[in-house]
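Following: one structure in structure tokens, then a few remarks.
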Amino acid sequence: MEEIRVRIAPSPSGNLHIGTARTALFNYLFAKKNNGKYVLRIEDTDAERTSQEYIDNIFDSLKALGLNWDEGPDVGGEYGPYTQSERFDIYPKYAQMLLDKGFAYECFCTPEELEAEKEEATKNKKAYVYSKKCQNLTEEEKAKLRAEGRKPAIRFSIEKAQKAFHNNPVIHFDDLVKGDLHQDTSLIGDFVIMKSNGTPTYNFAVVIDDMLMKISHIIRGEDHISNTFKQILIYEALGAEVPKFGHLGMILAPDRSKLSKRHGATAVSEFVEKGYLTEALINFVALLGWSPSDGQEIKSLDEIAQDFRINEVSSSNSIFEYDKLNWMNGQYIKKMDIKELTQLAKPFLNKYDLTELTQAQLEKVIESTREPITVLSDLTNDVAYFFGKDIEFEEGVKEKNIDTEQAQNILKYFDSQLDSYDFNNEEKLHEQLAEFRTYFKENFGIKPKETMWTVRAALTGRTHGADMGVILEVLGKEKVKYRIQKAINCK
RNA sequence: GGUCCCAUCGUCUAGAGGCCUAGGACACAUCCCUUUCACGGAUGCGACAGGGGUUCAAAUCCCCUUGGGACUACCA
């Protein structure tokens, strides 16, 4: 069997979209599962919409997700170059081949003429199909138009190709995920393959590149289904082997429209900036359309690859909801190596003076704060009371947990105990804290919870947060005393 | 408008004619655990879009309707 080769071919007209990331993922998984090669190709034939910034973003995002390619613009490979704009010299040759074989023809129509045809079609409520008026131009007519300064585009003749390779105008192909798909080719207009400026259009460039790069399986979004029929005809006209195609359902926003900016983040890099872990992102996105055979949803890229079968992928669209992503991100945050997590957390701690803490203390802070959070950016607020001298009280906390007589008594007693606490020993601190709350429970019937709320409020300004032992230890005796005294005095 | 694709809990999905009084995960609710918030555990709520067929038997096959999506460029 010939080698399995797949590709991801983003166009750098924006940052790497989460949908493109999923397509890349499924290609990657298919390649890994089948010992194939996964190649990256940049489709930048439209210079107007391309920018280096986007190319960098695509590279960085793909790498961050762990979707490393075997061949691509940066790593090279046997079938390069892997950037379409560097391949401009090869497309005209194949266009010429098609011209010679009679599967293509020059078209001198102006945009105005084409526009008129389209208007006519919509007026008659018919599908727009190019009139083919340039198909049978004589050499003299062409020469005349050229003399007028008109530059021709090259169009592909659908009908000629269909008749040459298919008995029926309705052509079929067996989609890897959707099964039998068909289209009446008489409804497809003779589309442009080479623009009048000499550059190829998408539908032509992909075929040439996929053919030359020996791509065996093309896995992409279902928005490409209609292109597939055009592309199959081109492969055939070129005398090339037609690859297998698989079309994935789309990712939709909760309102069932296309996922766009107004729904929040769309680029992988934006998710990362918000505090999503790339491991969680890729795991989550894999679950959109694919499901693990053992029901275990949290899985690494490698584990998913082992279990992946393209024909088991769902053929319907799926909606991108944050609930499960958030849950999953929280799971990854909870399980991540603490040193690694601390490193990832740093960008979200910009507003604090990190030199106040040692690396070990910072790790301790992150460790004891990571549990309830869902995105890394939650840390910014959750960690606030570990920094600076003073704290800010959350709404209502002071009134409820500091300003009452009971609270004041608790604080005074706590203050009196402080000198006996061992601030360098977290374990000991836990024991002492336990004794402390037992004292109030046994003597005054105050719930341990409430006792701790008061101390916590005085020290952090909130009634929830990290483990109290950790708070005491990291803050240190001096700061603890200061904050407790302040809570007592401000009464 | 035309063409194509899709259709199981709110969401992601399991389900390849009998294993389905439809399973899991997220979310939600209640309870348990607990120094807080969480985590974890338990329980609950909750779906085969509708209608016709085919079959002894249909969530699974076929048709229609409805709904959603995609495409309809000298963009990719």
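Since the model is a prediction, treat every value here as computed from it, not as a measurement. Numbers restart at 1 for each chain; the letters A, B, ... are given by sequence-line order, proteins then strands.
- Nearest-nucleotide positions on RNA chain B for A/Gly465 and A/Asn197 put A/Gly465 closer to the 5' end.
- Remark: A/Lys195 is in phosphate contact with B/rA76, judged by side-chain N or O atoms under 4.0 Å from OP1 or OP2.
- At the heavy-atom level, A/Leu181 lies under 4.0 Å from the strands shown only through sugar-phosphate atoms.
- Applying the Watson-Crick and G-U wobble criteria (two distances, each under 3.5 Å), B/rA7 pairs with B/rU66.
- Atom CG of A/Asp323 is separated from atom P of B/rC28 by 7 Å (rounded to the nearest Å).
- For the residue pair A/Thr185 and A/His166, no side-chain donor N or O sits within less than 3.5 Å of a side-chain acceptor on the partner.
- Atom P of nucleotide B/rA76 and atom CG of A/Asp210 are separated by 15 Å, given to the nearest angstrom.
- Residue A/Ser315 places no side-chain atom within donor-acceptor reach of the base of B/rC6, judged by atom type and a 3.5 Å distance cut-off alone.
- The side chain of A/Lys118 sits closest to B/rC74 out of B/rC74, B/rC75, B/rU35.
- Looking only at side-chain heavy atoms (C-beta outward), A/Gln406 and A/Phe440 stay at 4.5 Å or farther from each other.
- Among the atoms of the strands shown, only primed sugar atoms or phosphate atoms (P, OP1, OP2) are found under 4.0 Å from some heavy atom of A/Ser318.
- Both distances falling under 3.5 Å, in either a Watson-Crick or a G-U wobble arrangement, place B/rG1 opposite B/rU72.
- Salt bridge present: A/Glu113 and A/Arg150 bring a charged side-chain N and a carboxylate O closer than 4.0 Å.
- Base pairing annotation: B/rA47 forms no Watson-Crick or G-U wobble pair, as no partner gives both donor-acceptor distances under 3.5 Å.
- Using a 3.5 Å distance cut-off with no hydrogens or angles, the side chains of A/Ser257 and A/His263 do pair a donor with an acceptor.
- Base pairing of B/rC61: its partner is B/rG53, meeting the Watson-Crick or G-U wobble criterion (both donor-acceptor distances under 3.5 Å).
- Within 4.0 Å (heavy atoms only), A/Asn227 reaches at least one base atom of the nucleic acid.
- The residue A/Thr45 sits close only to the backbone: its heavy atoms come under 4.0 Å of sugar-phosphate atoms, none of a base.
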